[in-house]
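Numbering starts at 1 and runs along the sequence shown. In this text the structure is predicted, and so the values were computed from the model without any measurement.
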Amino acid sequence: MNLRIRDIREDNDLKQRQVADYLQCDQSLYSKYERCEREIPLQLVCKLALYYETSIDYLVGLTDDPKPYRRRKGV
């Protein structure tokens, strides 16, 4: 899987510790997510998409468009 979580973190000038704190996980675990040594839970991918204001599809490499999808009303 081509995760972009490292690239987007670096593009936002953030340290792994900062993102790990946001996700409420250990920095070493977050580092394993970035290196694809551990599978990142969908719940955390959702949190990262909200944090970076992008789509899950962008984070997991399914699209090259970083703009988030428009939310449907009532969702």
Only counting residues at least two apart or in another chain, list the ones meeting salt bridge (charged side-chain N to carboxylate O under 4.0 Å, His left out) with D64. R4
Look at the side chain of T54 and the backbone N and O of A49, then say whether any donor-acceptor pair between them is shorter than 3.5 Å. no
Name all residues meeting the salt bridge (charged side-chain N to carboxylate O under 4.0 Å, His left out) criterion together with D21; count only those two or more places apart in sequence or in a different chain, and write none if there are none. R17
On a heavy-atom basis, which atom in L48 and which in I40 lie closest, and how many Å separate them? CD1-CD1, 3.9 Å
When you measure from the side chain of D26 to the backbone N and O of S28, does any donor-acceptor pair fall under 3.5 Å? yes
Is it true that a side-chain atom of Q18 and a backbone atom of K15 form a donor plus acceptor pair closer than 3.5 Å? yes
Who are the side-chain hydrogen bond (donor to acceptor under 3.5 Å, both in side chains) partners of Q27, not counting sequence neighbours? Q16
Distance check, rounded to the nearest 0.5 Å: E10 atom CD versus I5 atom CD1? 11.0 Å
K32: partners by side-chain contact (heavy atoms from CB on, under 4.5 Å), with sequence neighbours left out: R35, E37, R38
Considering residues at least two apart in sequence or located in another chain, which fulfil the side-chain hydrogen bond (donor to acceptor under 3.5 Å, both in side chains) criterion with D11? none
If you look only at pairs with a residue in residues 14-34, which of them pass as a ring-ring contact (aromatic ring centres under 6.0 Å, His included), with sequence neighbours excluded? Y22-Y51
Whether E53 and K67 form a salt bridge (side-chain N of Lys/Arg under 4.0 Å from carboxylate O of Asp/Glu) is what I want to check. no
Contacts of E39 that satisfy salt bridge (charged side-chain N to carboxylate O under 4.0 Å, His left out) - sequence neighbours left out: none
Scanning both residues in full, the closest heavy-atom pair of L59 with V45 reads CD1-O, 3.7 Å
Spatial distance of atom CG (L23) from atom NZ (K47) [nearest 0.5 Å]: 6.0 Å
Distance from L42 atom CG to I56 atom CD1, nearest 0.5 Å? 5.5 Å
Residue set satisfying side-chain contact (heavy atoms from CB on, under 4.5 Å) with S55, at least two apart, ordered chain then number -> D57, Y58, T63, Y69
